[in-house]
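Report on the following structure.
So that the names make sense, note that chain A is the first sequence line, chain B the second, and so on, each numbered from 1. Bear in mind that the values here come from a model prediction, so they are computed numbers and not experimental data.
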Amino acid sequence: MNYKALAERLLPGEYPPLSRYEEKYPPRDLPDGAEVTRLAPSPTGFIHLGNLFAAIANERIAHRSGGVLYLRIEDTDLKRKVDGAVEAVINALRYFDIKFDEGAEIGGDETYAPWYQRERAEMYRAFAKHLIEEGRAYPCFCTEEELSALREEQTQRKEITGYYGKYAKCRNLSEEEIYRNLDAGKPFVIRLRSMGDPANKIKFRDAVKGEITVTENDQDVVILKSDGIPTYHFAHAIDDHFMRTTLVIRGEEWLASLPIHIELFDVLGFRRPRYGHNCSLMKQDGETRRKLSKRKDPELSLEFYRKEGYFARAVKIYMLTLLNSNFEEWYQKNPDAPLEEFPFKVEKMSKSGSLFDLDKLNDISKNELSKLSVADMGAFLKVWAEEFGTEEQRHYFDDEEKLSRVLALCMGVGGKKRRKDFMTASQAMETIRYFFERTPRTDEYRVEKAERCGILSDFLATYSPADDAQVWFEKVKAIAGKHGFATDMKEYKLSPESFKGSVADVAEVLRIATTGRANTPDLWTIMQILGENEVHGRLEKAKDE
RNA sequence: GGCCCCAUGGUCAAGCGGUUAAGACACCACCCUUUCACGGUGGUAUCAUGGGUUCGAAUCCCGUUGGGGUCACCA
């Protein structure tokens with residue numbers, strides 16, 4: 001068969017000699033050991049925790065080694081393209097402090113541009129044409145119906161599905177048949193003529209999994225779709241070669257197509273990058289665990305964390321603890337060191353999928369937020385409120401001095417240890433709400449209504465905003481004593497049966513009556529911030545509840 | 001189903017042939033505390049299973065089981 005003529009018929013026109021591409025995209029001039037990594041999302045506009053997970057790993061590896069992280073857009077599938085998706089990806093990742101050195105919509109060194117695969121069409125075709133000339137690729141005229149019928153047949157006969165061996169009908173089409181189809185104007189795709197044999201097992205060293213065995217590929221995969229655009233596999237081989245990627249960190253769902261990629265790199269004569277397949281984030285679902293899913297799990301979407309007002313640094317720290325098992329220990333020892341100083345290692349990446357644990361994230365969030373200054377906390381909340389807060393919440397920022405007092409109190413500033421009441425911006429805004437309006441009661445009283453009213457009346461009768469904390473509490477104790485509650489906790493614990501309760505119960509009545517909650521910071525200070533009128537108003541109303 | 005990956009408490013996990021099998025989250029108890037927190041101390045709880053190899057196995061090998069991924073002109 002005249003492959004040269006066939007190639008010209010299939011992909012007519014002049015293409016640059018392949019060596020031109022090697023010259024155009026020379027090896028990068030980087031120090032020894034520098035890794036070039038990338039993020040290669042498709043522009044669907046949906047960026048999720050898994051993307052962030054991989055992004056952090058890629059970013060750390062590139063920048064720890066003095067290398068480069070770039071952003072490539074895999075827009076070979078028109079159906080999935082969404083406007084503004086690329087900006088969304090960049091913004092979402094910037095929120096987590098992931099910065100690219102070069103790439104789509106970023107600029108940087110233009111040597112390896114363009115970063116949109118659609119703009120690299122000529123190159124893919126040039127290589128496809130070359131493979132056809134070499135007899136290593138061929139046109140396939142099978143329709144989608146034929147292919148799905150084939151798949152069905154194979155499934156029924158319990159054979160491996162796909163286009164391979166004797167099932168690859170178009171692989172051995174005669175020259176006449178090919179030209180007859182072409183003359184008839186039949187659409188075609190270009191397939192790889194695979195030389196692999198699945199009986200052959202290859203040993204392969206994966207940067208995170210270690211030594212794995214790979215089955216040789218024998219699928220005649222599509223490399224150019226009927227619109228002349230490459231499939232992921234083909235574009236991956238060419239792009240990662242010419243963008244000079246040294247290490248591909250990607251999700252383990254790609255492990256299954258590694259054989260294809262290995263054969264593609266070989267047939268193209270490219271040296272392979274190293275690969276590291278990281279585990280996916282799982283979620284407990286009833287009895288079993290499964291990959292986090294876009295449809296079922298809102299916490300998969302990065303947007304969820306922004307809306308909830310998670311502190312970006314906390315999310316990043318949690319990702320890091322899952323990504324590198326020794327991170328947590330390092331962070332305990334170096335609580336004040338910049339995260340960039342952590343010696344991130346590919347080898348320390350976990351081999352097994354980890355369950356996403358919101359409790360753990362929440363704990364980290366509380367800790368991180370508790371370290372903030374009042375000013376930083378205010379700024380953090382304000383940014384959140386401006387985008388996601390209610391009208392009411394935005395007014396909290398009108399009186400800066402009051403807000404500062406509130407935040408300082410809720411964060412325990414000045415105390416021996418900070419409080420950890422704040423977890424996310426939305427939750428924080430909700431917990432300070434009672435400082436700004438009388439909120440619905442969220443906790444139940446433990447004391448009977450009649451008793452409560454007595455306590456509230458007595459408190460109202462003696463309360464004075466001029467009292468300092470000591471005097472204030474003495475009065476509370478006096479009321480406790482009068483109503484048959486223990487004024488001393490030790491005494492109460494010795495014989496709880498001889499009292500109705502303790503001063504703690506009395507304080508709780510006052511606390512819930514003024515704030516609606518059983519858990520708040522120091523009540524005396526809260527009353528100072530609220531002011532006399534507000535306190536009176538709330539306690540009076542509470543008598544009716 | 002074929003192929004591949006994975007396997008230490010409820011969760012994240014340390015461990016690299018000899019340990020009383022770390023630590024963190026969650027949970028429980030107690031202590032501290034003038035109230036709420038914070039904090040402190042302690043506790044419950046793990047090597048999936050069966051065979052080897054070895055003086056000795058969580059650690060090495062094989063089988064089993066279980067979980068996950070993947071089998072497109074999607075990435």
(Q) If the cut-off is 4.0 Å, is A:Lys79 near the phosphate of B:A75, judged by side-chain N/O to OP1 or OP2? (A) no
Q | C1' atoms of B:U41 and B:U33, separation to the nearest Å | A | 15 Å
Q) Nearest to the side chain of A:Glu328 - B:C4, B:A24, B:U35? A) B:A24
(Q) Tell me whether the side-chain N or O atoms of A:Arg80 pair up with the base of B:C74 as donor and acceptor below 3.5 Å, since no angle test is needed here. (A) yes
Q. Under 3.5 Å, is there an N or O donor on one side and an acceptor on the other linking the side chain of A:Ser354 and the base of B:C12?
A. no
Q | Side-chain donor or acceptor of A:Tyr116 paired with backbone N/O of A:Glu74 under 3.5 Å | A | no
Q.
At less than 3.5 Å, do the side-chain atoms of A:Arg517 and the base atoms of B:C36 form a donor-acceptor pair?
A. no
(Q) Within the 4.0 Å heavy-atom criterion, would you say A:Cys142 contacts the bases, only the backbone, or no part of the nucleic acid? (A) base
**Q.** Distance-only polar pair, side chains of A:Glu253 and A:Ser280, donor-acceptor under 3.5 Å
**A.** no
Q) Has A:Arg191 got its NZ or CZ under 6.0 Å from the middle of the six-membered ring of A:Tyr163, at an angle within 45 degrees of the ring axis? A) yes
Q) Of the nucleotides B:C38, B:G2, B:G23, which has the atom closest to the A:Ile160 side chain? A) B:G2
**Q.** Closest to the A:Lys490 side chain, choosing from B:A37, B:C4, B:U33
**A.** B:U33
Q.
Which label fits A:Phe327 and A:Phe342: parallel for a plane angle under 30°, tilted from 30 to 60°, or perpendicular past 60°?
A. perpendicular
Q. Base, sugar-phosphate alone, or nothing: which one does A:Ala518 contact when heavy atoms must sit under 4.0 Å apart?
A. sugar-phosphate
Q: Pick base, sugar-phosphate or nothing for A:Ile364, based on heavy-atom distances below 4.0 Å to the nucleic acid.
A: nothing
Q: Could you check which of B:A37, B:C25, B:U35 has an atom nearest any side-chain atom of A:Asp363?
A: B:C25
Q | Distance below 4.0 Å between A:Lys366 side-chain N/O and B:G39 OP1 or OP2 | A | no
Q.
Please tell me if A:Thr76 has a side-chain N or O lying less than 4.0 Å from either OP1 or OP2 of B:C74.
A. no
Q. Quick one: on RNA chain B, does A:Ala507 or A:Glu159 contact a more 5' nucleotide (nearest heavy atom)?
A. A:Glu159
Q.
Over all strands shown, is A:Val189 touching base, sugar-phosphate only, or nothing at heavy-atom distances under 4.0 angstrom?
A. base
(Q) Base, sugar-phosphate or nothing for A:Arg191? Non-hydrogen atoms, less than 4.0 Å. (A) sugar-phosphate
(Q) What is the distance, to the nearest angstrom, from the CD atom on A:Gln332 to the C1' atom on B:C12? (A) 13 Å
**Q.** No-hydrogen, no-angle side-chain donor-acceptor test under 3.5 Å, A:Tyr310 and A:Asn362
**A.** yes
Q) Which of these nucleotides, B:C6, B:C4, B:A24, is closest to any side-chain atom of A:Lys209? A) B:C6
Q: Using a 4.0 Å heavy-atom cut-off across all strands, classify A:Ser350 as base, sugar-phosphate, or nothing.
A: sugar-phosphate
(Q) Base, sugar-phosphate or nothing for A:Ser42? Non-hydrogen atoms, less than 4.0 Å. (A) sugar-phosphate
Q: Would you classify A:Gln219 as touching base, sugar-phosphate or nothing, given that sugar-phosphate means primed atoms plus P, OP1 and OP2, and contacts are heavy atoms under 4.0 Å?
A: nothing
(Q) I'd like to know if A:Asp522 reaches the base of B:U35 with its side chain, counting only an N/O donor and acceptor under 3.5 Å. (A) yes
Q) What is the nucleic acid contact for A:Lys201, judged by heavy atoms within less than 4.0 Å: base, sugar-phosphate only, or nothing? A) sugar-phosphate
Q: Describe the nucleic acid contact of A:Trp254 in one word from base, sugar-phosphate, nothing, applying a heavy-atom distance below 4.0 Å.
A: base
Q) Which listed nucleotide (B:C5, B:C73, B:A72) is nearest to the side chain of A:Thr161? A) B:A72
(Q) Whether the A:Asp75 and A:Gln117 side chains hold a donor-acceptor pair (N or O, under 3.5 Å, no angle test) is what I'd like checked. (A) no
Q) Should A:Ser502 be listed as having a side-chain N or O under 4.0 Å from OP1 or OP2 of B:U35? A) no
(Q) Looking only at the side chain of A:Tyr232 (C-beta and beyond, no hydrogens), which of the listed nucleotides B:U70, B:A75, B:C38 gets closest? (A) B:A75
Q | Nearest-angstrom distance, P atom, B:A24 to B:G40 | A | 10 Å
Q.
Applying a 4.0 Å non-hydrogen cut-off, can you work out what A:Lys351 is touching in the nucleic acid: base, sugar-phosphate, or nothing?
A. sugar-phosphate
(Q) Over all strands shown, is A:Lys420 touching base, sugar-phosphate only, or nothing at heavy-atom distances under 4.0 angstrom? (A) sugar-phosphate
Q) Looking at the rings of A:Phe188 and A:Tyr138, which for Trp means the six-membered one, are their centres under 6.0 Å apart? A) no
Q.
Let's test your reading of the pairing rules: Watson-Crick or G-U wobble, both distances under 3.5 Å, then write RNA chain B as a dot-bracket string with ( ), [ ], | and dots.
A. ((((((((.[[[..)..(....]]].(((((.......)))))....[[[[[..)....]]]]])))))))....
Q. For the side chain of A:Arg511, counting heavy atoms from C-beta on, which of B:A75, B:C36, B:C5 is nearest?
A. B:C36
Q. Is there a side-chain polar atom (N or O) of A:Ser325 under 4.0 Å from OP1 or OP2 of B:A14?
A. yes
(Q) Just to be sure I understand the rule, does A:Thr487 reach a base, reach only the sugar-phosphate, or reach nothing, if contact means heavy atoms closer than 4.0 Å? (A) nothing
Q) Is the shortest side-chain N/O distance from A:Arg250 to OP1 or OP2 of B:A75 below 4.0 Å? A) no
Q: Report yes or no: do A:Asp239 and A:Tyr124 form a side-chain donor-acceptor pair below 3.5 Å?
A: yes
Q. Out of B:C73, B:C38, B:C74, which has the shortest distance to the side chain of A:Leu147?
A. B:C73
Q | Atom-pair distance (CG on A:Leu523; P on B:U35), nearest Å | A | 12 Å
(Q) Can you tell me how the ring of A:His261 sits relative to the ring of A:Trp254, calling it parallel under 30°, perpendicular over 60° and tilted otherwise? (A) tilted
(Q) Pick the closest RNA chain B nucleotide for A:Arg419 and for A:Leu355 by heavy atoms, then say which residue is nearer the 5' end. (A) A:Leu355
Q) Between the side chain of A:Thr424 and the main-chain N/O of A:Gln427, is any donor-acceptor distance below 3.5 Å? A) yes
Q: Side chain of A:Arg151 only, please: which of B:C73, B:A24, B:C32 is the nearest?
A: B:C73
